[in-house]
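First up is the structure itself, then whatever we jot down about it.
Computation of the quantities below employed the complete heavy-atom set of this structure, encompassing side-chain atoms and omitting hydrogens, waters and symmetry-equivalent molecules.
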Amino acid sequence: MGKALYRKYRSKSLAEIIGQEHITDTLGNALKQGTISHAYLFTGPRGVGKTSIARILAYEVNGLPYNEEQSHLDIIEIDAASNRRIDEIRELKERVHVAPTSAKYKVYIIDEVHMLTKEAFNALLKTLEEPPDHVIFVLATTEAHKVPETIISRTQRFTFKPVPTNKVVEHLKYIAKQEKVKIDDEALELIAAHGEGSFRDSISLLDQVRHMDAHITLEHVQRALGQAPDITLSKIIETIGTGDLPSVAASLSQLREQGIQPSQIARQLSELLRQDILQEQSKLPRELTLDLLQKLASIPAAHEPGISLELALYGTALTNTSDKKLESIVQTPDSIPKKDRKAHITQPLPSSKPETPPPSQTVDTAATDQLNSQAWQTILTADKAHHNTLYGITRMAVPHFEPGKLTLTFAFAFHQKRL
């Protein structure tokens, strides 16, 4: 059976650790000066080197060559997830007083220490307060907030950071070269991004995809991750902008047939929309884009993610189409012929109590419509200046002017309710 890549390329010295120099340099200097502490607490996200450094430290403090294949009697690893009760810690308290068999120090590495019970923590606290000179504790956890302050205060705490994506990519390239895996840079970048700063997760994914084909591309990695192709997602955003609901539905159906989950589609669409906003290349109005982003953020937690995703996309497409129709209905002053523009602008707006015209007087309907259009634009402009959110709703309406009265009609009850 082959060895997993993350184990094969696990660091064997502090100098080989990547991305945690603020920790390895400090520990390296402490080793040189002989100022090793009796207890350490390593905190940070998964797969960034906490356990690896704990093991390396255990060997280097004893002056032993690092050997992952063989366990040493004086280096004891404890999984707190499966040894979390007070009985196990009481047993540990009894054993710590026994001198090391052959090494200088007996080192206890307790992984996921936050899983210990309250009683177990209390028992461990007494040992940390008065440890034997030949014992060193290295506690590791991904959830430091669950470790009691009394424990933290008796340790030297080191906070691990997610490894920068560019360093992960460089390391993956090195591994791929050593393993003779032909893989595109875009695929490695996606693997590193998916790992979210975790070396172990990134290397494990590389181990998974390297057997998919002789030449691994971005599409191979996307398929392995259950991600939607970028071209399909871009098409969805484009068809939302044009209000082409059948095309939106067809794209979603195609992604479902590929086994891609609605929550994953929502996350990828959110990322594309955020990029469009930051690059000022959004195909939708800014207000609609922000509203859609808010809806997409709630998709993973929805009771019916698939239906919620469809409603979010269809609703945005319909609203955008409604806005465009509204813009074509509501005339702006620019639509008035230049020869008539001055005359219409200088005419006063209808007063709240207009005089009843004589029966013989004819009403210029076209002129009235243009005046109403100007009045509506004036209202919207003032509205936007004083209350941008209200403007976002009001502009969805179709105005109907009557003497002393303005009626707003909405295509959707939602907008009416919000107003």
Side-chain angles (χ1 to χ4, degrees), residues 2 4-11 16-22 24 44-50 52 142 160-238 251 254-255 258-283 289 293 296-297 299-300:
L5 290 182
Y6 79 88
R7 292 186 59 200
K8 184 176 179 180
Y9 291 93
R10 177 175 283 162
S11 302
E16 294 180 12
I17 298 292
I18 301 173
Q20 308 298 341
E21 289 78 10
H22 63 295
T24 56
R46 68 184 189 279
V48 293
K50 297 188 299 296
S52 294
T142 54
F160 286 65
K161 303 180 297 184
V163 184
T165 302
N166 62 321
K167 291 189 176 183
V168 177
V169 172
E170 289 178 10
H171 194 56
L172 292 176
K173 283 183 179 179
Y174 168 76
I175 295 175
K177 184 177 180 181
Q178 296 299 313
E179 296 294 318
K180 296 180 173 53
V181 177
K182 190 175 182 181
I183 182 169
D184 292 342
D185 289 347
E186 294 83 0
L188 290 175
E189 289 170 2
L190 178 56
I191 290 174
H194 182 75
E196 297 180 340
S198 168
F199 261 136
R200 185 175 62 237
D201 290 358
S202 299
I203 296 173
S204 296
L205 181 55
L206 175 62
D207 200 0
Q208 175 184 340
V209 303
R210 66 172 173 156
H211 300 297
M212 294 182 72
D213 206 329
H215 183 187
I216 307 302
T217 64
L218 178 63
E219 288 71 23
H220 288 106
V221 179
Q222 286 180 329
R223 193 159 65 244
L225 293 174
Q227 288 191 357
D230 290 342
I231 188 171
T232 306
L233 297 175
S234 298
K235 182 181 179 182
I236 288 177
I237 296 176
E238 183 178 342
S251 296
Q254 178 186 350
L255 294 177
Q258 296 174 8
I260 301 172
Q261 299 300 312
S263 56
Q264 178 63 40
I265 299 172
R267 279 191 289 268
Q268 288 186 254
L269 282 173
S270 297
E271 183 59 32
L272 284 178
L273 289 170
R274 282 196 293 268
Q275 290 177 6
D276 287 346
I277 287 181
L278 293 175
Q279 297 171 4
E280 297 184 353
Q281 297 177 351
S282 180
K283 300 177 180 63
T289 303
L293 280 171
L296 291 175
I299 299 299

Under the rule for salt bridge (Lys or Arg N to Asp or Glu O under 4.0 Å), what residues qualify as partners of K8, not counting sequence neighbours?
E179

Look up atom CG in D201 and atom CD1 in I191, then write down how far apart they are to the nearest 0.5 Å.
12.0 Å

Return the minimal non-hydrogen interatomic distance between G47 and S198, and the atom names on each side.
CA-OG, 3.3 Å

How many angstroms lie between atom CZ of F199 and atom CD1 of I17, to the nearest 0.5 angstrom?
9.0 Å

Any chance you could measure D185, atom CG, to L190, atom CG, to the nearest 0.5 Å?
12.5 Å

For the student: nearest non-hydrogen atoms of P45 and F160, plus distance:
CD-O, 3.6 Å

With side-chain contact (heavy atoms from CB on, under 4.5 Å) as the test, would you mind laying out the steps for V48 and Q20 before giving the verdict?
CA-CA 8 Å; V48 293; Q20 308 298 341; 3.8 Å; yes

Once salt bridge (Lys or Arg N to Asp or Glu O under 4.0 Å) is applied, do any residues pair with E238, and if so which ones, sequence neighbours excluded?
none

Determine all donor-acceptor pairs shorter than 3.5 Å in which one atom belongs to a side chain in residues 220-227; sequence neighbours excluded.
from: H220; atom 1: ND1; to: T217; atom 2: N; distance (Å): 3.0
from: H220; atom 1: ND1; to: T217; atom 2: OG1; distance (Å): 2.9
from: H220; atom 1: NE2; to: D213; atom 2: OD2; distance (Å): 3.4

May I have the step-by-step check of side-chain contact (heavy atoms from CB on, under 4.5 Å) for D276 and T289, ending in yes or no?
CA-CA 9 Å; D276 287 346; T289 303; over 6 Å; no

Under 3.5 Å: donor-acceptor pair, side chain of K182, backbone of A176:
no

Nearest 0.5 Å, what's the CG-CG distance between L5 and L205?
11.0 Å

Do K50 and T142 pass the side-chain contact (heavy atoms from CB on, under 4.5 Å) test, and can you show the C-alpha distance, the side-chain angles, and the key distance before you say yes or no?
CA-CA 9 Å; K50 297 188 299 296; T142 54; 3.8 Å; yes

Results of salt bridge (Lys or Arg N to Asp or Glu O under 4.0 Å) for R274 - residues two or more places apart only:
E271

E21 meets the salt bridge (Lys or Arg N to Asp or Glu O under 4.0 Å) criterion, sequence neighbours left out, with K167

Minimum heavy-atom distance Y9-I175, with the two atoms named:
CE1-CG2, 3.8 Å

R267 CZ: over 12 foreign heavy atoms closer than 6.0 Å
yes

Pairwise distance OG(S11) to CD1(I18) - rounded to 0.5 angstrom
6.5 Å

Please report the interatomic distance CG(L296) to CD(Q268), rounded to the nearest 0.5 Å.
11.5 Å

Under the rule for side-chain contact (heavy atoms from CB on, under 4.5 Å), what residues qualify as partners of T232, not counting sequence neighbours?
P229, S251, Q254, L255

Testing the basics here: between A192 and V168, what is the closest heavy-atom pair and its distance to 0.1 Å?
CB-CG1, 3.7 Å

